[in-house]
Amino acid sequence: MTAIYVILIVAAVLVLLYFLMIMPRLTRQQDWKQFPKVYYAHRGLHDNHTEAPENSMAAFKKAVAAGYGIELDVQLTKDRIPVVFHDFTLQRATGKPGKVCEYTYEELQEFPLFESEERIPKFENVLAAVNGRVPLIVEIKLEWMDLMVCTLTNRALADYKGQYCIESFNPLALMWYRRYRNDVLRGQLSDGFLKTGEFKGPLYFILQNLLLNWMTRPDFVAYDHKYADNLSRRLCRKLYHNMAVAWTIKSQKELEEAEKSFDMFIFDSFIPRRKRPR
């Protein structure tokens with residue numbers, strides 16, 4: 001009987017530890033009620049076969065005109081200028097070799113986005129163009145441990161009057177915001193990493209299951225909608241009443257299905273039938 005009691009106690013401790021590890025911040029739910037409940041256009045209202053490709057000024061202007069919020073990505077150039085661009089490498093969007101961080105901003109201006117007339121924009125220029133008219137979800141692109149992107153993104157947002165929140169796949173970015181800008185709503189991006197087959201190892205198990213929330217204390221979890229059944233994600237929403245953001249919805253059918261499990265929605269490749277979630 002003693003062995004059984006020990007096993008039960010150990011099991012109870014492990015379960016308690018798990019709940020503590022995935023616990024998000026619990027004190028900012030009211031702030032989300034002030035955040036606009038609209039659909040968020042993924043990298044702007046874009047089409048990579050037109051003159052409004054992803055993360056371009058044209059795509060952001062179209063999203064503003066249509067009344068959608070915007071999700072966008074920020075990373076640094078070689079000369080430490082925050083620019084809006086998703087991939088760490090340039091190949092897919094520009095056909096050029098190398099990474100964004102290996103070129104200066106001026107050098108990047110030589111590369112058209114998806115063969116359009118658009119170029120990689122400065123983050124500060126995007127902020128000026130949006131000018132608070134729609135809310136922003138700003139993804140911090142942090143490949144390794146260079147936290148200067150957090151410092152410079154925050155500096156660009158210091159005088160911005162519009163509503164915004166930040167998110168990142170990299171927990172280090174959220175830890176930076178927790179330490180230096182705890183007033184800014186922050187979100188942990190995640191995915192079913194091990195289920196996709198692209199990632200392996202304990203790190204991706206930890207990230208997939210939100211086991212670093214105790215360090216980052218996110219105000220929301222943004223998760224690939226295809227893996228809505230992830231237990232940690234569901235517990236964050238149902239048990240802790242954490243805001244649940246779905247990415248990236250690519251059809252009206254996917255949107256209607258995701259509305260059963262999420263609260264906010266990032267979309268591309270189609271136009272939602274409504275401007276706002278129910």
Side-chain angles (χ1 to χ4, degrees), residues 25 40 42-44 54-57 59-60 69-94 96-109 111 113 119-130 135-160 162-191 193 199 203-204 207 212-213 215-222 245 247-248 266:
R25 179 156 58 168
Y40 287 79
H42 187 230
R43 308 174 197 172
E54 64 183 62
N55 276 333
S56 67
M57 293 295 289
F60 298 137
I70 295 171
E71 185 272 352
L72 54 81
D73 313 272
V74 180
Q75 56 183 298
L76 299 183
T77 64
K78 183 178 181 179
D79 49 345
R80 299 303 210 186
I81 293 176
V83 294
V84 180
F85 193 79
H86 178 266
D87 300 0
F88 288 113
T89 59
L90 293 162
Q91 183 64 43
R92 183 181 65 89
T94 70
K96 301 299 180 181
K99 297 182 176 182
V100 171
C101 63
E102 297 171 345
Y103 293 85
T104 66
Y105 172 74
E106 292 301 325
E107 289 170 338
L108 290 171
Q109 296 312 290
F111 306 155
L113 289 172
R119 299 296 192 270
I120 297 173
K122 288 183 180 180
F123 182 44
E124 64 181 45
N125 291 344
V126 174
L127 293 178
V130 176
L136 301 177
I137 300 176
V138 179
E139 180 181 343
I140 305 294
K141 304 296 291 189
L142 178 57
E143 188 173 18
W144 299 112
M145 300 179 66
D146 185 1
L147 292 168
M148 184 56 67
V149 64
C150 298
T151 301
L152 296 178
T153 298
N154 180 63
R155 186 176 300 170
L157 286 162
D159 297 322
Y160 186 65
Q163 290 180 293
Y164 72 92
C165 61
I166 68 99
E167 64 179 9
S168 184
F169 281 101
N170 194 322
L172 293 176
L174 272 66
M175 290 171 66
W176 187 96
Y177 269 85
R178 183 182 180 187
R179 178 176 181 182
Y180 295 107
R181 287 300 311 274
N182 200 37
D183 57 308
V184 175
L185 291 171
R186 57 182 181 266
Q188 180 64 61
L189 273 163
S190 193
D191 196 357
F193 293 110
F199 306 95
L203 174 61
Y204 290 103
L207 295 176
L212 295 179
N213 279 5
M215 297 174 64
T216 60
R217 288 290 186 253
D219 298 294
F220 65 96
V221 169
V245 179
W247 64 269
T248 298
I266 299 170

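Numbers here are sequence positions counted from 1.
- Side-chain atoms of D219 come within 3.5 Å of backbone atoms of R186 as a donor-acceptor pair (strictly under, hydrogens ignored).
- Annotation: the span from N170 atom CG to L212 atom CG amounts to 10.0 Å, rounded to 0.5 Å.
- Judged by distance alone, the side chains of D87 and T89 never bring a donor and an acceptor atom under 3.5 Å apart.
- Between L207 and F169, every side-chain heavy-atom pair lies at or beyond the 4.5 Å cut-off.
- Q75 contributes atom CD, which lies 8.5 Å from atom CD of E143 (distance to the nearest 0.5 angstrom).
- By the 4.5 Å heavy-atom criterion applied to side chains, D146 and R80 are counted as neighbours.
- Here CH2 of W144 is found 11.5 Å from SG of C101. Values are rounded to the nearest 0.5 Å.
- Rounding to the nearest 0.5 angstrom, the gap separating the CG atom in L189 from the CD atom in E167 is 3.5 Å.
- Counting all heavy atoms, side chain and backbone alike, K78 lies closest to E102 at CD-O, 3.7 Å.
- Formation of a donor-acceptor pair under 3.5 Å by the R178 side chain with backbone atoms of M215 is found in this model.
- Counting heavy atoms from C-beta outward, V245 and I266 have side chains that approach closer than 4.5 Å.
- In this structure the side chain of N55 reaches within 4.5 angstrom of the side chain of L72, judged on heavy atoms.
- Using a 4.5 Å cut-off on side-chain heavy atoms (C-beta onward), Y164 and P135 make no contact.
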Quiz item: Passes side-chain contact (heavy atoms from CB on, under 4.5 Å), I140 versus C150? Steps please.
Solution: CA-CA 7 Å; I140 305 294; C150 298; 4.1 Å; yes
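- Using modelled atom types and a 3.5 Å distance limit, the side chains of N154 and R181 yield a donor-acceptor pair.
- In terms of heavy-atom proximity, P82 sits nearest to V74 at CB-CG1, 3.9 Å.
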Exercise. Might you work through the side-chain contact (heavy atoms from CB on, under 4.5 Å) test for Y177 and D183, ending with a clear yes or no?
Key: CA-CA 8 Å; Y177 269 85; D183 57 308; over 6 Å; no
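- Taken to the nearest 0.5 Å, the CD atom of E71 stands 10.0 Å off from the CD atom of E54.
- Cation-pi contact between K141 and F85: absent, since separation from the ring centre below 6.0 Å together with deviation from the ring axis within 45° is not met.
- Side-chain polar atoms of N182 and R25 form a donor-acceptor pair below 3.5 angstrom.
- Ion pair E139/R43 not flagged as a salt bridge, since none of the NZ, NE, NH1 or NH2 atoms sits closer than 4.0 Å to an Asp/Glu carboxylate oxygen.
- The minimum heavy-atom distance between Q109 and R119, with the atom names listed, is O-NE, 2.8 Å.
- The two residues V83 and I120 come nearest to each other via the heavy atoms CB-CG2, 3.8 Å.
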Practice problem: Decide yes or no on side chain to side chain donor-acceptor pair (under 3.5 Å) for T77 and D79, but give the supporting numbers first. | Solution: CA-CA 5 Å; T77 64; D79 49 345; 2.5 Å; yes
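- Across all non-hydrogen atoms, the minimal contact from L90 to P97 is CD1-O, 3.8 Å.
- Counting heavy atoms from C-beta outward, P218 and N213 have side chains that approach closer than 4.5 Å.
- Atoms CH2 and OG1, on W176 and T151 in that order, are 4.5 Å from each other to the nearest 0.5 Å.
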Quiz item: Run the side-chain contact (heavy atoms from CB on, under 4.5 Å) check on L113 and T94 step by step: do they pass?
Solution: CA-CA 5 Å; L113 289 172; T94 70; 4.2 Å; yes
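- The minimum heavy-atom distance linking F193 with S190 is given by the pair CE1-OG, 3.7 Å.
- Between Y160 and V130 there is a side-chain heavy-atom pair separated by less than 4.5 Å.
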Practice problem: List the steps, then state whether side-chain contact (heavy atoms from CB on, under 4.5 Å) holds for L127 with L136. | Solution: CA-CA 9 Å; L127 293 178; L136 301 177; 3.6 Å; yes
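- Counting only heavy atoms from C-beta outward, the side chains of W247 and Y40 never approach each other to under 4.5 Å.
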